Amino acid sequence: QVHLVESGGGLVQAGGSLRLSCAASVLTFSTYTVGWFRQAPGKERESVAAIGWSGDSTYYADSVKGRFTISRDNAKKMVDLQMNSLKPEDTAVYYCAASYFGGRYDFAESYESWGQGTQVSVSS
């Protein structure tokens, strides 16, 4: 299990930007795949983006492609999610998750450890 802490959420107007960060407390962070998921009120949790251990492999949900960018700094044990051109439909609680054993990037079942989430609200 990896302890994950998200930060950077907040309230922003449509078209604005936010940068979410996920800090991990594990010695072998560089071996983990990290993903971002989100859950809006009344909706199921959905995958947003993910990044492989080296940073060379990434995944984006169709709904955020071209607007969101995931990156990682293994030395700092951090994964960031830069969110641009935000839309009201991006409003959700955003969760960071870590996977040691791998699997599909967009499957929540692939991830063993989860943060507590950070709220992102986008006003129209």
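As the structure is a prediction and not an experimental result, all values here were calculated from the model.
- Remark: side-chain polar atoms of S99 are paired, donor with acceptor, to backbone N or O of S110 under 3.5 angstrom.
- Interatomic distance, CZ of F107 versus OG of S47, reported as 10.0 Å (0.5 Å rounding).
- Contacts of S57 classified as side-chain contact (heavy atoms from CB on, under 4.5 Å), with partners at least two apart in sequence or in another chain: Y105.
- Of the possible polar contacts, none joining the S21 side chain to the S7 backbone as a donor-acceptor pair under 3.5 Å is found.
- Qualifying salt bridge (charged side-chain N to carboxylate O under 4.0 Å, His left out) partners for K65, counting only residues two or more places apart in sequence or in other chains: D62.
- Closest heavy-atom contact between S124 and A14: CA-CB, 4.3 Å.
- Between V2 and Y100 the shortest side-chain heavy-atom distance does not fall below 4.5 Å.
- A distance of 9.5 Å separates OG1 in T33 from CD1 in I51, rounded to the nearest 0.5 Å.
- Following chains of ILVMFWY side-chain contacts shorter than 4.5 Å, one can reach V48 starting from L4, so the two form part of one hydrophobic cluster.
- Looking only at distances, no side-chain donor or acceptor of Q39 sits under 3.5 Å from a matching main-chain atom of A92.
- Rounding to the nearest 0.5 angstrom, the gap separating the CG atom in L11 from the CD atom in Q119 is 9.5 Å.
- Of all the heavy atoms in D90 and S85, the pair that sits closest is OD2-O, 4.4 Å.
- Within the 4.5 Å cutoff, the side chain of K77 has no heavy atoms near those of the Y32 side chain.
- The side-chain contact (heavy atoms from CB on, under 4.5 Å) search around S71 returns R19, D80, not counting sequence neighbours.
- Cluster annotation: I70 and L86 are assigned to the same hydrophobic cluster (Ile/Leu/Val/Met/Phe/Trp/Tyr, side-chain heavy-atom contacts under 4.5 Å, transitive).
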Open item on the list: Using the rule given for side-chain contact (heavy atoms from CB on, under 4.5 Å), can you reason through V12 versus S17, listing the C-alpha separation, both sets of side-chain angles and the distance that settles it, and then say yes or no?
Closed with: CA-CA 7 Å; V12 65; S17 298; over 6 Å; no
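- Under the rule for a side-chain contact (heavy atoms from CB on, under 4.5 Å), the partners of V120 that lie at least two apart in sequence or sit in another chain are L18, L20, M83, Y94, V122.
- Within the structure, ring-ring contact (aromatic ring centres under 6.0 Å, His included) contacts touching residues 33-89 (residues at least two apart or in different chains) are F37-Y111, F37-W114.
- Between the side chain of E6 and the backbone N or O of T118 there is no donor-acceptor pair closer than 3.5 Å.
- In terms of heavy-atom proximity, E112 sits nearest to F101 at OE2-N, 3.6 Å.
- E46 meets the salt bridge (charged side-chain N to carboxylate O under 4.0 Å, His left out) test with R38; sequence neighbours excluded.
- Side chains of N74 and R72 form a contact here, defined as non-hydrogen atoms less than 4.5 Å apart.
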